[in-house]
Each structure stands twice: as structure tokens, then as C-alpha cells.
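Below is one structure, written out as C-alpha cells; the observations come after it.
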Amino acid sequence: MSNWLVIGSGGREYVMAETLAKTNDRHVFVAPGNPMMNKLKNVETINIGEIDFVKLAEFVIKNKVVCTVVGPENPLSLGIVDYFAARNLKIFGPSKAAAKLESSKSFAKNIMKKAGVPTARYQEFTDTRKAIHYINSKSLPIVIKANGLAGGKGVVVAKTQIQADEAAKSLLSSKNQSAILVEDYLDGEEFSLFVMANGNDFITMPVSQDHKRLLNNDEGPNTGGMGAYSPVPQVSQDLKNQAIEDVIKPVLNQMNKDNKKFTGFLYAGLIMTKSGTKVIEFNVRMGDPETQVVLPQMQSDLGEVILKLLNNEPVDVKWQTKDYYLGAVVASKGYPLKPIDSQKLPKIINNSDLLVSYAGVSYDDDNKDFISSGGRIMMLTVKSSSLSTAQQKVNSYLENNINENYVYRNDIGQKGINYLNKK
């Protein structure tokens, strides 16, 4: 039995652990994980925080962990990979320097400029008055972004001058942000492209589409993500190949040139515009909820793929090609501002048709039951050869099992469905 470690606690890490544990001779620890993960076969949570590098490394050494896989961005941006590498501990993720592709929007823009990668025009500001003056000179809508990490909630697409000014003031007054980027608005359809990389060697994953807004029809506030589907029928193989040539390869090559070799999961948030595909942002880890619809499509062994990549060995990865995977997130009422905690969890049972991944969950010792803890609680994912059927099945599970203490969207995948209906 070989031991692995996944770092993180959300739905993304739930599916990572579940995928790694499909191999019977592998035991997967998750730090800190969430209590529902302990119900998974060959998966066990450990009570160590995701940025407690000392205890994590000690655990890895003591338990002879073969490899560590990092889920969230925070430990990556703080240098967990550097800490492990200094102790000759195998870990899949980017160094602190390479993780700046996500932790610093201006760093990512500079890399793209040097690599000739298409993206929105922008200006960086540290002064609120100068930012507002610049915003007043631009046409609307306009995009205001936090330069640093913001948990997926540091982007405001402002449709009015008041919204834009308030976003600039709010982000620059945050203790976590010292700078913002003001970007031209890009009009088009967004999609997510993930690769698993080690320098210039990489494996391309199925394309997915995330749904960031809280409410149907992309209305309401931005969230960490309310659902996703994959593959995306309106993104052709040719378009995907072009994005690899125009975005992925140049960026990985530029990182190598700058002595910041990228290893790990690289996410390119892309948008199809009238003037071609452009980059909205990069993340240096798998997305959540995209992971929940992408990883289940892998027919190869995830652990073996990671080890071969890290060892610079050739690897051939097989993916399913018959079905669509579509999933909707169930969040606590009040999310994303003030989610209501300690609600009883909906009772949903995994079956051959349904994958349930858990995130914001804790255990109530007094009542001996699992309860909600945080914003996004779980995600329901189904697969089907028909995208509209997948959506219908997910919505049926939601309507029959989720009560008024929770919120969800029932239009996940609608853009893909509309595209297929027009064909």
C-alpha cells in the first residue's frame, strides 16, 4: 500500500483524493480535508492545516508518503513546494516564484507580454484617486481586478461608473490588496483549459466551462463557482489546439526562460472574442468546480501520470470521449456574503448515475450528524451522452433533495445546450 497526500479541504480535493484512491493499493491522506472524505474508500483525513508546512513535511516523512498533491492556491503562493523540495519530498505543484502567475495579476500580464500571448489591455494602480480618474476616461463595461489572491472573488465587471468606482475603492482598501488592475472588458464566451505540466512537458485535459455568478442567467454576485460542465461543445478541437499553441506553450516556455519552471496544474481562463481567443487569467491549480467534471473523465491512473511527469518520463493519458459531465454546486443560503452555517446536510446517495462531492462540511458531535460549514457545501455531478439530459438529471436530483436552506443554479450547461440546439 503506497501512501499519498492531498492538501486542501474542498470539493476539488474531495475528487482529487477519490480519483487517486481508485487504485486499490494506494492510501490517500487529506490535510485537513473535510469529514465526508473519510467515507471514501482508501481515503483518510488528518488534522493538519494546509499552510502548516513543518507538520505536513513531518507527516510525509513519518508515513513514507510517495507524493503530495496540492489543491488550493494559498499554500502554493506561500512556498510549500519550495519547502518540500528542500527536503527532497516529492510534490506536484509550482514553486513560489512560478505560483506568481496566480498570486500576482501584474506578474502574469508581464509574462504574457513577453511571450506574445493575447490578453486584455490594462493599467495597474495603487492609488484610488488615480484609478478612478483612469476609469472615468474609459468606456463601460470595465473590469476591476485585485492584483493578489482573493479566493476567486477579486474580479468586478462594472457596468456603471458608480460600480467601477466602488470596486476600486473596496479592493484597494482591503488589507490583502496593495494594487488593482483596471482592464478593458472582453466580450465573448469563456472556457477553462487545464494542463498538467512539468516545464515544457504537459498533458492537456478536457475543456470545461465554469458558472461564476450566483444566480441563473449569470446574474447576482460573483462566487467561487456554482457549477461546470465538460467537454464544451462550442469549443472545437481546432480552437483548443490553437489555444495550446498560442497560450499554453508560449507561457510555459517563457517561464522556463525566466528560470521559473512551471510544474503542476496550470489553468488558463480563456475567452472567445471576435478578434480571437484571449487570456482572462491564469490559476496555478485545478479549478473548483471544474475539477469535479474534468477528473472523472480520466481513464488513466492519476497517480501514475503525476509520477511520470515528475520523473520526466513519457506518459500517454486516456480520457473518455462518449459523455458530458455536468455538475451543480449546492451552497448555503446567504452565500457568498453571509452563508448560514450548521444546517443539516441534504441526504443524497452516490449511485452509478450521480457523483456527489463534499466541501463545506463539519461534524456536529452533539447531534452526531454532518452539518454545513461555509459557503459551497456539495456538488452533484452526472454524466450523459446528451448535455441536455445531464442537465435535466442534475436538476431532478436538486429539486427532489435540496431544501430552502440551500441555493443552486438550474441552468448549468445552458450555453452548450443552446449551441447544440442551433446545430
Side-chain angles (χ1 to χ4, degrees), residues 1-8 12-13 15-31 42-43 53 56-73 75-76 79-99 101-102 193-206 244 248-268 282-286 291 294-295 297-319:
M1 183 74 74
S2 64
N3 291 333
W4 280 64
L5 174 64
V6 172
I7 293 175
R12 166 184 49 215
E13 291 78 27
V15 173
M16 282 180 167
E18 185 178 38
T19 305
L20 284 167
K22 284 179 182 176
T23 302
N24 287 328
D25 63 349
R26 186 179 294 143
H27 189 81
V28 182
F29 295 102
V30 192
N42 295 336
V43 175
F53 299 169
L56 288 168
E58 287 173 352
F59 180 88
V60 164
I61 293 166
K62 182 180 178 181
N63 291 275
K64 297 182 173 61
V65 169
V66 171
C67 186
T68 299
V69 182
V70 187
E73 62 272 27
L76 293 169
I80 188 171
V81 171
D82 308 73
Y83 189 88
F84 274 45
R87 287 152 184 79
N88 293 315
L89 303 175
K90 205 174 280 288
I91 185 168
F92 191 63
S95 65
K96 184 177 183 178
L101 269 176
E102 179 170 2
L193 177 60
F194 294 93
V195 299
M196 298 171 67
N198 186 19
N200 282 327
D201 297 326
F202 65 91
I203 291 153
T204 311
M205 308 176 85
I244 291 165
I248 301 299
K249 287 183 178 179
V251 164
L252 290 176
N253 190 44
Q254 190 62 50
M255 294 292 281
N256 273 357
K257 280 185 183 177
D258 290 358
N259 200 29
K260 294 178 175 67
K261 174 185 171 183
F262 189 92
T263 298
F265 296 102
L266 178 64
Y267 157 91
F282 286 110
N283 289 340
V284 297
R285 34 79 194 187
M286 286 288 283
T291 303
V294 170
L295 272 189
Q297 297 183 65
M298 183 180 270
Q299 294 177 330
S300 306
D301 174 35
L302 176 61
E304 186 180 320
V305 171
I306 288 172
L307 290 179
K308 284 190 173 181
L309 261 179
L310 289 175
N311 293 333
N312 299 301
E313 297 172 12
V315 54
D316 179 31
V317 182
K318 290 182 171 59
W319 302 92

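Since we're looking at a predicted model, the values are computed, not measured.
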Is the closest side-chain heavy-atom distance between [X] and [Y] below 4.5 Å?
| X | Y | result |
| --- | --- | --- |
| Val65 | Lys90 | no |
| Ile91 | Tyr83 | no |
| Phe194 | Thr291 | no |
| Lys261 | Ser95 | no |
| Leu295 | Met205 | yes |

Nearest 0.5 angstrom please: [X] [atom1] to [Y] [atom2], how far?
| X | Y | atom1 | atom2 | value |
| --- | --- | --- | --- | --- |
| Ile203 | Lys308 | CD1 | NZ | 9.5 Å |
| Arg87 | Phe53 | CZ | CZ | 10.5 Å |
| Met196 | Phe202 | CE | CZ | 13.0 Å |
| Phe29 | Trp4 | CZ | CH2 | 14.0 Å |
| Leu252 | Leu266 | CG | CG | 6.0 Å |
| Met1 | Lys64 | CE | NZ | 15.5 Å |

Please find the pair of heavy atoms, one from [X] and one from [Y], that lie closest to each other, and give the distance.
| X | Y | value |
| --- | --- | --- |
| Thr204 | Trp319 | O-NE1, 3.6 Å |
| Val43 | Ala17 | CG2-O, 3.9 Å |
| Val81 | Pro94 | CG2-O, 3.2 Å |
| Gly93 | Leu76 | CA-CD2, 4.1 Å |
| Gly199 | Thr263 | N-OG1, 4.3 Å |
| Ala21 | Asn42 | O-ND2, 3.7 Å |

Short question: side chain of [X], backbone of [Y] - any donor-acceptor pair under 3.5 Å?
| X | Y | answer |
| --- | --- | --- |
| Gln299 | Lys318 | no |
| Asn283 | Tyr267 | no |
| Arg285 | Val70 | no |

Item to complete: Show the numbers, then the answer: is there a side chain to side chain contact (heavy atoms under 4.5 Å, CB included) between Leu193 and Ile244?
Response: CA-CA 9 Å; Leu193 177 60; Ile244 291 165; 4.2 Å; yes
Worksheet entry | side chain to side chain contact (heavy atoms under 4.5 Å, CB included) between Leu89 and Thr68, worked out | CA-CA 8 Å; Leu89 303 175; Thr68 299; over 6 Å; no
Worksheet item: If you draw a 6.0 Å radius around CG in Asn259, do more than 12 non-hydrogen atoms from other residues or ligands fall strictly inside?
Response: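 Counting neighbours around CG of Asn259, 12 or fewer heavy atoms of other residues, nucleotides or ligands fall under 6.0 Å, so no.
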Item to complete: Run the ring-centre check on Phe92 versus Phe265 and record whether the distance is less than 6.0 Å.
Response: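 Under 6.0 Å, so yes.
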Discussion item. Side chain to side chain contact (heavy atoms under 4.5 Å, CB included) for Asn63 and Leu5? Distances and angles first, verdict last.
Written reply: CA-CA 10 Å; Asn63 291 275; Leu5 174 64; over 6 Å; no
Item to complete: Could you walk me through whether Asp301 and Arg26 pass the side chain to side chain contact (heavy atoms under 4.5 Å, CB included) test, one step at a time?
Response: CA-CA 11 Å; Asp301 174 35; Arg26 186 179 294 143; 2.8 Å; yes
Discussion item. Test of understanding: with side-chain contact (heavy atoms from CB on, under 4.5 Å), list the residues that count as partners of Lys22, not counting sequence neighbours.
Written reply: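 Not a single residue meets the side-chain contact (heavy atoms from CB on, under 4.5 Å) criterion with Lys22.
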Discussion item. As a test of understanding, state which of Leu302, Val28, Ile306 forms a side chain to side chain contact (heavy atoms under 4.5 Å, CB included) with Val69.
Written reply: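 Output: one option passes, namely Ile306.
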